[in-house]
Amino acid sequence: MRKFLVILDDSRECLNAMRFAAMRAAHTGGGVTVLAVIPPEEFNHWIGVGEIMRAEARERIEVHYEVFAKWMRDKQKVEPELVIREGEPVVEIMAQVSEDSEIGVLVLGAGSEGKGPGPLVTSLTRQAGDLPIPITIVPGEMSKERLEAIT
């Protein structure tokens with residue numbers, strides 16, 4: 001099964017990327033892998049404090065993921081998979097793509113409001129030639145109706 005890999009973060013554009021991935025998966029019989037990356041600098045504390053912070057970060061990610069997962073299940077009939085990795089986001093995204101041969105498309109949300117596409121889009125498009133899969137960049141300001149029309 002071909003899977004769409006979408007990145008879960010706190011950005012506004014994440015919502016459109018999630019919608020697009022779920023709608024495309026529903027229309028093509030594919031799946032969705034939701035990847036959340038915890039940057040290493042979040043745990044540069046004493047060991048005990050770092051472990052507590054790591055557990056809290058994972059809990060926040062799982063709660064955030066469940067909001068999207070419920071929508072995907074209820075509205076698109078897609079059962080997403082959550083993967084949580086720790087490290088530098090671009091490195092971990094590239095590693096996930098390399099390790100999961102079923103991933104066929106990387107879906108990223110582009111920032112809006114004239115601030116540029118965002119750090120992930122910028123970094124990953126520079127490395128697009130090294131990726132074994134295409135990248136789909138979903139505009140952050142695209143309406144839900146327009147997303148439905150193009151998927």
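It should be emphasised that the depicted structure is a prediction, and the values quoted were computed from it without experimental measurement.
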Answer whether the closest heavy-atom distance between the side chains of [X] and [Y] falls below 4.5 Å.
X      : Y      : value
Pro40  : Glu88  : yes
Arg12  : Glu141 : yes
Arg2   : Val105 : yes
Leu5   : Thr33  : yes
Leu8   : Met18  : yes
Leu106 : Ile7   : yes
Ile135 : Leu108 : yes
Phe4   : Thr136 : no

With sequence neighbours excluded, residues passing side chain to side chain contact (heavy atoms under 4.5 Å, CB included) with [X]:
X      : answer
Ala26  : Gln76, Val78
Ser143 : Glu145, Arg146
Val67  : none
Pro139 : Met142

Output all residues satisfying salt bridge (Lys or Arg N to Asp or Glu O under 4.0 Å) with [X], sequence neighbours left out; order by chain, then residue number.
X     : value
Glu56 : none
Lys75 : none
Glu79 : Arg73

Closest approach of [X] to [Y] (non-hydrogen atoms, all atoms of both residues):
X      : Y      : answer
Ala36  : Ile61  : CB-CG2, 3.5 Å
Val90  : Ser123 : CG2-CB, 3.5 Å
Pro134 : Gly104 : CD-O, 3.2 Å
Met23  : Trp71  : CE-CH2, 4.2 Å
Ala110 : Val121 : CA-CG2, 4.2 Å
Val97  : Ile103 : CA-CD1, 4.4 Å

Reported [atom1]-to-[atom2] distance for the pair [X] and [Y], which is rounded to 0.5 angstrom:
X      : Y     : atom1 : atom2 : result
Ile38  : Arg54 : CD1   : CZ    : 7.5 Å
Leu147 : Arg19 : CG    : CZ    : 7.0 Å
Glu92  : Ile84 : CD    : CD1   : 12.5 Å
Leu82  : Glu66 : CG    : CD    : 8.5 Å

**Item:** Pairs where residues 100-112 contributes a residue and the test salt bridge (Lys or Arg N to Asp or Glu O under 4.0 Å) is met, not counting sequence neighbours
**Value:** Lys3-Asp100, Lys3-Glu102
Mind checking what makes side chain to side chain donor-acceptor pair (under 3.5 Å) contact with [X], not counting sequence neighbours?
X      : answer
Thr151 : none
Gln96  : Arg85
Asp74  : Lys70

**Item:** Atom CD of Glu99 with >12 non-hydrogen neighbours under 6.0 angstrom
**Value:** yes
**Item:** Shared hydrophobic cluster, Ile150 / Met72 (ILVMFWY, side-chain heavy atoms < 4.5 Å)
**Value:** yes
**Asked** Distance-only, no hydrogens or angles: does the Thr125 side chain make a donor-acceptor pair with backbone N or O of Thr122 under 3.5 Å?
**Response** yes
**Request:** Sort and list the pairs that fulfil ring-ring contact (aromatic ring centres under 6.0 Å, His included) and have at least one residue in residues 122-147, not counting sequence neighbours.
**Result:** none
**Message:** Run the side chain to side chain contact (heavy atoms under 4.5 Å, CB included) test on Asp9 and His64 for me, step by step, so that the C-alpha distance in whole Å, both residues' side-chain angles and the decisive distance to 0.1 Å come before the verdict.
**Reply:** CA-CA 9 Å; Asp9 59 25; His64 195 182; over 6 Å; no
